[in-house]
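Remarks on the structure that follows.
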Amino acid sequence: MTPSTDRNSALFERARQLIPGGVNSPVRAFRAVGGTPRFVQRAQGAYFWDANGTRQIDYIGSWGPMILGHGHPRVVEAVQRAVTEGFSFGAPTEREVELAEEIVKHLPSVEMVRLVSSGTEAAMSAIRLARGATGRSTIIKFEGCYHGHADALLVKAGSGLATFGHPTSAGVPQEVVQHTLVLEYNNVEQLEAAFAKHGADLACVIIEPIAGNMNFVRASRPFMQKCRELCTQHGALLVFDEVMTGFRVALGGAQAVYAAQLPGFAPDITVLGKVIGGGMPLAAFGGPRAIMEKLAPLGPVYQAGTLSGNPVATACGLATLQEVARPGFYEALFKKTSSLVEGLKSAAAEAGIAFAADCEGGMFGFFLLPELPQNYGAVMKSDAPKFGKLFHGLLDRGVYIAPALYEAGFVSSAHSEQDIADTVAAAREVFKTLG
Ligand code: KE4
């Protein structure tokens, strides 16, 4: 296909005249891997077709929301019905209550929930709530974890251990991030040192329990246990950012995975998004009643949103959660995800490629590294050019993975065993070219 006949290139050229970078979210621009982003024309089940009509097996699924695949009939029907009843009211609806009931039903740590429109908004509001509930300002986040683009969370590690962070973005004043401590993920000693020094000022620790923004890095059990213990000991709140893992790695999210390893484990505040909206703009944050009742209009912590609990988005999210709650859903999903990961591992081994991978529920990650990295520094030792070749080799064979080595992958219930087999076969061919 020549650039002149490639509709993706033509659309990208048009888009770049009007939209910064030609995209409405930076990772979509393929800047980490080069090449032309695929403009999606339509999607169905496990696939999408780009502007040239080329089919891709979709392992991004809108970065996590499309756990049922694209265009699940029951979700489409629920959305179609909802739009005939009205797009938005700025007033309460029964369906918001039904969605809140569905979320609370599956997350024992969440007694109340507030619906918002994006993961960024949910994480930003959760931080404000933690600060309001504790009367403290300092927060801890971890290098490599992403919690959306609220100013206080766009922070990279300062030099040395447990120092206050520096903005990762222009336009974020140092004063805004002066209360944000950035630590190394899975570093127990650093966490203990930070609490020893700042414990009395700490409002919360916010963490991705399985860090999908480092591709796929689990918090170790000792590290997670220490996060919980130190927060409890110092009166800080443990905020689980489950925007990606919520209803994705298990019906009860990553907190259910950790509770199985650490009896009685629970975070204080949970941030949700992606799957709970089923692909529509919907996110949430929740926790115990005593904390959530600090929120306006009951309490002093202000938070609001014109489209919060939008009736069409809640229809999409509710239909999605009702489907994933069906018995056996996650067992069947995990069977496919682990079959993909094991297939990729064996294909890489056959080609003699350093390859490490992990998965939980419908989420997976892999690294062109000999072993699974435990923190951001280790992840970034990956061979970026080699990843770019792998990405484009798969793309040319109709397999669409994340265009960045620090992003996770997602399997939906619509992916068939044949799709998994075709993906592994494509990877087997590409791995041979990476030697
Ligand atoms: P949104 O504001 O993009 O809805 O959610 C922010 C967010 C918060 N927390 C976690 C753990 C997240 O992964 C995200 C957003 N994830 C990225 C993908 N890594 C969305 C893709 C994008 O930025 O375009």
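We number each residue from 1, following the sequence as shown. Counting starts at 1 for both ligands and their atoms, following the listed order. Predicted model only: the values in this text are computed from it and were never measured.
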What protein heavy atom lies closest to [atom]? Include the residue and the distance to one decimal.
atom: atom 10 (C) of ligand 1; answer: Tyr146 O, 3.3 Å
atom: atom 9 (N) of ligand 1; answer: Asp241 OD2, 2.8 Å
atom: atom 22 (C) of ligand 1; answer: Ser25 OG, 3.4 Å
atom: atom 7 (C) of ligand 1; answer: Gly148 N, 3.8 Å
atom: atom 3 (O) of ligand 1; answer: Thr120 OG1, 4.6 Å
atom: atom 18 (C) of ligand 1; answer: Glu407 OE1, 3.5 Å

Does atom NZ of Lys389 have more than 12 heavy-atom neighbours from other groups under 6.0 Å away?
no

How about Gln174: does its CD atom have over 12 heavy atoms from other parts shown lying under 6.0 Å from it?
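Enclosed: over 12 neighbouring heavy atoms sit under 6.0 Å from CD of Gln174.
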
Looking only at distances, can you tell me whether any N or O atom of [X], backbone or side chain, sits closer than 3.5 Å to an N or O atom of ligand 1?
X: Gly119; value: yes
X: Arg28; value: no
X: Asn213; value: yes

Interatomic spacing from CD1 in Ile140 to CG in Leu230 - rounded to 0.5 Å
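Those atoms lie 8.5 Å apart.
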
If only atom types and distance count, is the side chain of Thr245 paired as donor or acceptor with the main-chain N or O of Gly253 below 3.5 Å?
no

According to the interplanar angle, ranging from 0 to 90°, do the rings of [X] and [Y] count as parallel (below 30°), tilted (30 to 60°) or perpendicular (above 60°)?
X: Phe195; Y: His234; result: tilted
X: Phe387; Y: Phe366; result: tilted
X: Tyr258; Y: Phe240; result: perpendicular

Measuring centre to centre across the rings, with the benzene-like ring taken for any Trp, is Tyr146 within less than 6.0 Å of Tyr406?
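That pair fails the under 6.0 Å test.
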
Kindly indicate whether atom 13 (O) of ligand 1 is approached by any protein heavy atom to under 4.0 angstrom.
yes

Distance filter under 4.0 Å to Glu208 heavy atoms, resulting ligand 1 atoms:
11 (C)

Proximal atoms of ligand 1 relative to Met244 (non-hydrogen, under 4.0 Å):
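Selected atoms, number and element: 13 (O), 19 (N).
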
Can you list every ring pair (Phe, Tyr, Trp, His ring centres under 6.0 Å) pair that touches residues 19-44, not counting sequence neighbours?
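Qualifying pairs, neighbours excluded: Phe30-Phe391.
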
Ligand 1 contact by Lys274, heavy-atom criterion under 4.0 angstrom
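Contact present.
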
Under 4.0 Å, heavy atoms only, figure out whether ligand 1 is touched by the backbone of His147, its side chain, both or neither.
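For His147, the contact with ligand 1 is made by the backbone alone.
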
